[in-house]
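What follows is a set of notes on a single structure, which appears directly below.
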Amino acid sequence: MLLLLCKDNIFFCIMIKPKKYLGQHFLKDENIAKKIANSLNNENLLPVLEIGPGTGILTKELLNLYKNLTLIEIDKESVEFLENNFSNDFKLIQGDFLKLNLSEIFNSEFCIIGNFPYNISSQIFFKMLDNREFIPELCGMIQKEVAERIVSKHGNKTYGILSVFIQLYYKVELLFTVNENVFLPPPKVKSAVIRMTRYRKTIGNVDEKKLFLVVKTAFNQRRKTMRNSLSSILKKETDTTNEIFNKRPEQLSPEDFIILTDLIDN
Ligand code: SAH
């Protein structure tokens with residue numbers, strides 16, 4: 001994109017060609033950037049990690065709010081731009097968030113924010129879940145359709161694996177939608193900002209690996225009842241007379257999946 005910048009009262013242009021394969025859609029509306037930055041509650045002023053800062057429109061707002069800011073950006077050109085145009089009041093890592101060893105960078109809890117690369121948003125959330133012990137809050141812009149799936153309650157068609165996994169640990173809120181014409185280039189999909197606030201780190205007595213397996217196996221054949229879709233992982237002696245086994249996965253709340261896993265295990 002062609003960026004018009006003002007530095008020391010001199011206007012100049014630079015070219016950063018948005019790279020489609022990196023999901024680059026640069027936000028151009030500062031008010032929306034401000035709104036996203038303010039959507040993170042971060043009551044305890046924990047360190048903040050921004051994923052995919054690009055040319056730094058959101059970074060600029062975050063710098064007004066936080067002293068402890070880390071950026072992870074995969075694109076060399078964007079990294080150079082950030083280095084050259086911002087005072088370095090942040091830690092800037094060039095690399096792939098999905099490959100980042102979070103424990104090497106943070107030794108305590110931190111929050112995540114970003115106008116995320118939409119092509120890897122689900123993977124970002126799975127990584128958040130794997131590291132949930134350290135991540136009490138995440139706030140970011142993603143494809144609206146994915147945001148709707150995440151906040152979807154049981155009983156809805158859009159309710160699925162991601163909804164269950166995330167809602168097992170995080171309170172999820174779709175905060176507002178964002179029009180495509182505030183991006184350069186405009187994405188083909190609608191966008192929305194979502195907030196996730198952790199309400200527990202672990203689930204009491206249940207075997208979480210088993211729970212995840214149950215959820216995945218069930219949604220693999222979402223039209224079937226639990227008795228049928230789970231047959232491959234049920235033991236012969238498992239008592240499936242409970243009414244829950246007559247249901248289809250989208251009829252079960254995250255808590256129901258915990259109950260179900262308990263029934264299967266005992
Ligand atoms: N936050 C900026 C840019 C959003 S576009 C803005 O609002 O304008 C998404 C950004 O994520 C791009 O800068 C892209 O280079 C970066 N990105 C894509 N894949 C990434 C990955 N795996 N790890 C880190 N950053 C990534």
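Order of listing sets the numbers, starting from 1, for every ligand and every atom in it.
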Applying the side chain to side chain donor-acceptor pair (under 3.5 Å) test to Lys210, which of Asp265, Asp262, Thr261 qualifies? Asp265
Can you name the residues that come within less than 4.0 Å of ligand 1, going by heavy atoms only? Leu22, Gly23, Gln24, His25, Phe26, Leu27, Glu50, Gly52, Pro53, Gly54, Ile57, Ile72, Glu73, Ile74, Asp75, Gly95, Asp96, Phe97, Asn115, Pro117, Ile120
With sequence neighbours excluded, give me every side chain to side chain donor-acceptor pair (under 3.5 Å) pair touching residues 117-130. Tyr118-Ser191
Kindly state whether the ring of Phe110 and the ring of Phe134 have centres lying under 6.0 angstrom apart. no
Run the salt bridge (charged side-chain N to carboxylate O under 4.0 Å, His left out) test against Lys76 and tell me which residues pass, sequence neighbours left out. Glu80
Heavy-atom closest pair, residues Thr217 and Ser229: CG2-O, 3.6 Å
With Glu208 via side-chain contact (heavy atoms from CB on, under 4.5 Å) - residues at least two apart: Arg132, Tyr169, Thr202, Ile203, Val206
